[in-house]
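These notes are about the structure you will find just below.
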Amino acid sequence: MKLKGTEILLKVLEEEKVDIIFGYPGGAVLDIYDQLYKSNLKHILVRHEQGAVHAADGYARATGKVGVCLVTSGPGATNTVTGIATANMDSIPLVVFTGQVPTGLIGNDAFQECDITGITRPCTKHNFLVRNVEELAQTIKEAFHIARSGRPGPVLVDLPKNVMAGQTDYDPANVKIRNHEVSYKPAPKKMATVLGMLQSARKPLIMTGGGVILGGASEELTELARRYEIPVTGTLMGLGSFAGNDPLWLGMLGMHGTYYANMAVSHCDLLLAIGVRFDDRVTGTIDTFAPNAKIVHIDIDPSSINKNVTVDLPIIGDTKAVLRDLLRFLEEHHYDQDASSRGEWFSEIAEWREKVPLTYCQNGEVIKPQYVIETLYRITGGDALITTEVGQNQMWTAQFFKFAKPNSFISSGGLGTMGFGLPAAIGVKCAFPDRHVVDIAGDGSIQMNIQELATAAQYNIAVKVVLLNNGFLGMVRQWQELFYEKRYSFTDMSYAPDFVKLAEAFGIIGLRATKPAEVESVLKQGLSINRPVLMDFRVSREECVYPMVHPGESISQMALGSREMIN
C-alpha cells in the first residue's frame, strides 16, 4: 500500500514507541502538522524551538528513552542548535526532525532554506538529509538506533517538503537498518588486573559519571561500592548514580566539589573511574589529578580513553555489562575485602569531613540560597525530579540536594546552557505527571527561555520554578569578585521584571519570599498546588559558591570563602 511521506513518518514514530513530540510549526512542515492533527500522537507546542529541544532532552534524561522534537526549516532549524549541542555534550539520545525546502530548491537560497545538516555536523552524533521518500522509513529507524545505542547522542533528520508529500510502498517488515555500533567485550585478563589492583590498594576510590546513569548501571555500581567498602565521589552528571545519603558518598568532586571528595581523589591509590570523561572542571590541573593513584577507566566510547587523563587500565564497554562482569569475577575469585584494611583510609576521610564540612551560615534576615535548597530537600524528602538552570543555582543544587536515585538530576553539564532548566522541566513533567518536578533557577538564566511558562500554562504542566533571585549573573559576578577586583562589568541584573507579576501574566501562580521565615511556607504552598508555580526567593546578592578550585590549580587546593586556601 502506498503511503505519503508524512504518513510513513508518523507510522515509524509509533513503531519506535514515541509517545510525545515537542515542536513548533512552520511552512516547510505544514504537511507533517496536518498529519499530526489527524493522529493520536501527543504534541506539545513550545514557544521557541530551543525550548522544544530542551524539553525533549529533559524527557530523555528522566526516562532513558529517545526524546523527539519537530521544527520547521531555516530559522526554526537554526534555533535548535544550542539544544542539540547541549544534548551532544552530555550524550543524550534525541531525534530532531527539521523541515527543509523541496530538494529542487536546495542550494538556491530559497525562502527559509539553510544547510542545517552542515551546521549541526559538529554537534550531532549523526545527521541525515532525506533525498527521496523511498529511503525515509529506513533513515528514521536508523536515526533512533544511532541515538540510543552505544554512547547515546542527538541525531538530526532533515525532511524536504517534497519528500514528505511524495508516496511510496511501505511495509515495516522490509525496513532493514544497519548496525552503526561496535560491541566491546572486556577480556577476562582485564578483570584479573582489576582484582590485583584492588588487592594491592589501601585507599581505593570510585569516581562515577554520567555514563553510569546512561548505561543503567547504578545498581551494579552500588553493589560494588557497598560489598567491597569503597567510597564514592561523582561528577556533576554522575549525581544520583549512587545514593547521596549513603555513608560511602563523598559528594561531587572538582571545581565546586566537596573538600573531602577532592582530598580523597588527591590521596587515593586506586581510582575506578566509571562512565566519566575527565572534564577540566573535574580534574583541575591534569598533572596533579589523582597523583598517587593507579587509574582504571571504564567507558563505552574509545575516544574518551586517554583523551584528557592518561590511565593505567582502559576498559572499553557498556558500564552495566562491565560492572556485572567485574562483580562476577571478584566473587568467583573469592575477593573478600578485609574491613580492617580500610580503617586508616576511612579515618582520613572522616578527618577531612570534620575539618571542612559542606556548610553555610543562615542568620539574619537575608535568605541564603543554600537554605532554600536544603529546605526543598527536607520538605520533599528528596523525592523530586530536579532540573536546574546554569550557574550558582546549579552548583548549590549539586552540593545541597542529596540525589538518591539516577535520572533525578537533570542539568546541562558539558555545555553549561543557560535557559535549559525550565523547558527541560516541562519535558520531565510530561513524562512523570504525578511526580514533583522542580526547576531550581537563577534570575539571569530563567530569562533565557522564560517564554516557556506559557507552554506550561497552556497544558497545565505543573512544574515548579524555585527562583534564587540575587539580581546578578551570579557565577560571572563571583568570578569578577575573585579575579577582577570586584569590577562587576555588566553582570548587575537588578533591572528585571517583577517575576510574580510576570508569572501571573503568563497565567500561572506567582509566590515570593523575602525573609528566611517565609521560605518553608512558600515552598509548601507552591508544591501543594496542582498548577505551574513560580516561587521568587530574594536571596543574598553576593553569596559565593564554595569550595572553589581556582582555574589552573590542583583540586587539592581549594578556596573556602572566609577561610584561607586549604590543601
Side-chain angles (χ1 to χ4, degrees), residues 9 12-23 41 44 50-71 80-98 120-128 139-158 177-183 209-218 237-238 240-241 275 277 299-301 303-304 317-321 385 387 406-415 417 420 423-424 426-428 430-432:
L9 169 63
V12 174
L13 292 181
E14 290 172 1
E15 291 162 13
E16 292 292 331
K17 298 185 171 21
V18 172
D19 55 8
I20 190 166
I21 299 171
F22 302 92
L41 264 173
I44 299 294
Q50 183 181 341
V53 189
H54 290 330
D57 183 317
Y59 172 93
R61 293 184 200 233
T63 63
K65 300 176 183 178
V66 178
V68 178
C69 60
L70 170 63
V71 303
T80 67
V81 173
T82 297
I84 293 170
T86 300
N88 190 58
M89 286 287 278
D90 292 342
S91 304
I92 306 304
L94 299 182
V95 174
V96 179
F97 292 103
T98 55
T120 60
R121 190 165 291 120
C123 62
T124 51
K125 186 177 179 184
H126 196 75
N127 63 26
F128 298 92
T139 300
I140 298 170
K141 284 188 173 289
E142 285 194 7
F144 277 87
H145 172 71
I146 293 168
R148 68 167 66 98
S149 59
R151 178 178 179 174
V155 178
L156 182 139
V157 182
D158 202 22
I177 64 171
R178 297 162 289 185
N179 189 347
H180 292 259
E181 301 295 334
V182 178
S183 177
V212 174
I213 294 173
L214 292 167
S218 295
M237 301 311 299
S241 59
R277 59 187 180 87
D299 202 276
I300 199 167
D301 182 6
S303 70
S304 291
D318 173 74
T319 51
K320 188 180 189 74
L385 301 171
T387 72
N407 307 99
S408 58
F409 176 66
I410 313 294
S411 192
S412 170
L415 198 64
T417 304
F420 173 84
I426 289 172
V428 175
C430 286
F432 296 100

Identify the two heavy atoms, one from [X] and one from [Y], that lie closest to each other, and give their separation to 0.1 Å.
{"X": "V12", "Y": "I140", "answer": "CG1-CG2, 3.5 Å"}
{"X": "A431", "Y": "T63", "answer": "CB-CG2, 3.4 Å"}
{"X": "G240", "Y": "S218", "answer": "O-OG, 4.4 Å"}
{"X": "G67", "Y": "A60", "answer": "N-CB, 3.8 Å"}
{"X": "A147", "Y": "P93", "answer": "O-CB, 3.2 Å"}
{"X": "D90", "Y": "G414", "answer": "OD1-N, 2.8 Å"}

How long is the span from the [atom1] atom in [X] to the [atom2] atom in [Y], to the nearest 0.5 Å?
{"X": "I21", "Y": "L70", "atom1": "CD1", "atom2": "CG", "result": "6.5 Å"}
{"X": "H54", "Y": "T82", "atom1": "NE2", "atom2": "OG1", "result": "6.5 Å"}
{"X": "S149", "Y": "D318", "atom1": "OG", "atom2": "CG", "result": "11.5 Å"}
{"X": "H126", "Y": "L156", "atom1": "NE2", "atom2": "CG", "result": "10.5 Å"}
{"X": "Q50", "Y": "F420", "atom1": "CD", "atom2": "CZ", "result": "10.5 Å"}
{"X": "S408", "Y": "F432", "atom1": "OG", "atom2": "CZ", "result": "10.5 Å"}

Is it true that K65 and E16 make a salt bridge, defined as a side-chain N closer than 4.0 Å to a carboxylate O?
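The answer is no: the pair does not qualify as a salt bridge.
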Are D301 and R277 within salt-bridge range, i.e. N to O under 4.0 Å?
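No.
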Criterion side chain to side chain contact (heavy atoms under 4.5 Å, CB included) on L385 and I410, from CA distance to verdict:
CA-CA 8 Å; L385 301 171; I410 313 294; 5.6 Å; no
Partner set under ring-ring contact (aromatic ring centres under 6.0 Å, His included) for Y59, not counting sequence neighbours:
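Residues passing ring-ring contact (aromatic ring centres under 6.0 Å, His included) with Y59: none at all.
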Taking ring-ring contact (aromatic ring centres under 6.0 Å, His included) as the definition, give me every residue that meets it alongside F97, ordered by chain and number, with sequence neighbours left out.
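Expected list: none.
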Taking side chain to side chain contact (heavy atoms under 4.5 Å, CB included) as the definition, give me every residue that meets it alongside [X], ordered by chain and number, with sequence neighbours left out.
{"X": "T139", "value": "F128, V130, E135, V157"}
{"X": "N407", "value": "I213"}
{"X": "I177", "value": "K141, E142, H145"}

Within a strict 4.5 Å, meaning less than it, do heavy atoms of the [X] and [Y] side chains meet?
{"X": "I20", "Y": "V68", "value": "no"}
{"X": "C430", "Y": "F22", "value": "yes"}
{"X": "T387", "Y": "F409", "value": "no"}
{"X": "T124", "Y": "I84", "value": "yes"}
{"X": "R61", "Y": "M237", "value": "yes"}
{"X": "V53", "Y": "L94", "value": "yes"}

Could you check R151 against S304 for side chain to side chain donor-acceptor pair (under 3.5 Å), going step by step and ending with a plain yes or no?
CA-CA 11 Å; R151 178 178 179 174; S304 291; 3.2 Å; yes
Side chain of N127, backbone of V155: donor and acceptor closer than 3.5 Å?
no
Quick check: does any side chain N or O of K125 sit under 3.5 Å from a backbone N or O of P154, one acting as donor and the other as acceptor?
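Here the side-chain-to-backbone pair does not exist.
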Residue set satisfying salt bridge (Lys or Arg N to Asp or Glu O under 4.0 Å) with E14, at least two apart, ordered chain then number -> none
